[in-house]
Novice: 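One structure is given below, represented as structure tokens, and several questions about it will come after.
The chains referred to below are lettered A, B, ... by the order of the sequence lines, with proteins before strands, and numbering in each begins at 1.
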Amino acid sequence: MQHLKTIPASTPTFHRRVYEQLLTVPRGKVTTYGDLAHALNSAAYRAVGQALRNNPCAPNVPCHRVVSSDGRIGGFNGQREGPDVTRKIALLAAEGVQVTNGRIDLARHRHDFF
DNA sequence: CACCTGACATAAT
DNA sequence: AATTATGCCAGGT
């Protein structure tokens, strides 16, 4: 998959798997850190966050489609609140994902990997 | 190899 | 409902 060919060769395998899996989330849908980890047969929720924090997002990985299990936005570009998060919300809105009071209706937008 | 850290999740206050 | 404490697992130092 050429989406990831520009990332550093030193990128850990687990991180790569996160990105690959994330690429399967369609536009207009979102997933949670937990679901993503589970889809990789792992419980490393937090490691998933680390992976995204590494930010290979910029080019082509849709990091903004990953939110918290309670429907809250989570973080973006290394931050958990602030202008970057606001931007994340804007990106989601642009894809048709409704964000109300910093919350997402997971029942409606959650993507199922299985 | 022994800690420390975190874009989390859940249970307990 | 809002806050706090605890558990999680891979990476980094």
Novice: Could you state the CZ-C1' distance from A/R72 to C/dT3, rounded to the nearest angstrom?
Specialist: 11 Å

Novice: With a 4.5 Å cut-off on side-chain heavy-atom distances among I, L, V, M, F, W and Y, is there a chain of contacts connecting A/L91 to A/V67?
Specialist: no

Novice: In whole angstroms, how far is the C1' atom of C/dC8 from the NE2 atom of A/H38?
Specialist: 14 Å

Novice: Atom CZ of A/R17 and atom C1' of C/dC9: how far apart are they, to the nearest Å?
Specialist: 12 Å

Novice: What is the distance from CG of A/N55 to P of B/dG6, rounded to the nearest Å?
Specialist: 17 Å

Novice: Does a distance-only test, which skips hydrogens and angles, find a donor-acceptor pair under 3.5 Å between the side chain of A/R53 and the base of C/dG11?
Specialist: no

Novice: Within the sub-3.5 Å range, which N or O atoms of nucleotides 9-12 of chain B have a protein N or O partner, and how far apart are they?
Specialist:
{"residue": "B/dA9", "atom": "OP1", "partner": "A/G34", "partner atom": "N", "Å": "3.3"}
{"residue": "B/dA9", "atom": "OP1", "partner": "A/S69", "partner atom": "N", "Å": "3.3"}
{"residue": "B/dA9", "atom": "OP2", "partner": "A/S69", "partner atom": "N", "Å": "3.0"}
{"residue": "B/dT10", "atom": "OP2", "partner": "A/S69", "partner atom": "OG", "Å": "3.4"}

Novice: Identify, between A/A43 and A/N54, the residue whose nearest nucleotide on DNA chain C lies closer to the 5' end.
Specialist: A/A43

Novice: Would you kindly give the CZ-to-C1' distance between A/R46 and C/dT6, to the nearest whole Å?
Specialist: 10 Å

Novice: Treating Ile, Leu, Val, Met, Phe, Trp and Tyr as nodes and any side-chain heavy-atom pair under 4.5 angstrom as an edge, say whether A/F114 and A/Y45 lie in one connected cluster.
Specialist: no

Novice: If two hydrophobic side chains count as joined below 4.5 Å and joins carry through other members, does A/V25 share a cluster with A/V30?
Specialist: no

Novice: Write down the distance between CG (A/L106) and P (B/dC8), rounded to a whole number of angstrom.
Specialist: 15 Å

Novice: Given A/R65 and A/H111, is the side-chain contact (heavy atoms from CB on, under 4.5 Å) satisfied, shown in steps?
Specialist: CA-CA 10 Å; A/R65 295 184 193 150; A/H111 165 77; over 6 Å; no

Novice: Check the hydrophobic clustering (I, L, V, M, F, W, Y; side-chain heavy atoms under 4.5 Å; chains of links allowed) and say if A/I89 and A/Y33 are grouped together.
Specialist: no

Novice: Can you tell me how far P of B/dG6 sits from CZ of A/R80, to the nearest Å?
Specialist: 8 Å

Novice: Whole angstroms only, please: what is the CG-P distance between A/N41 and C/dC8?
Specialist: 18 Å

Novice: Donor-acceptor check, side chain of A/D70 to backbone of A/R72, threshold 3.5 angstrom: yes or no?
Specialist: yes

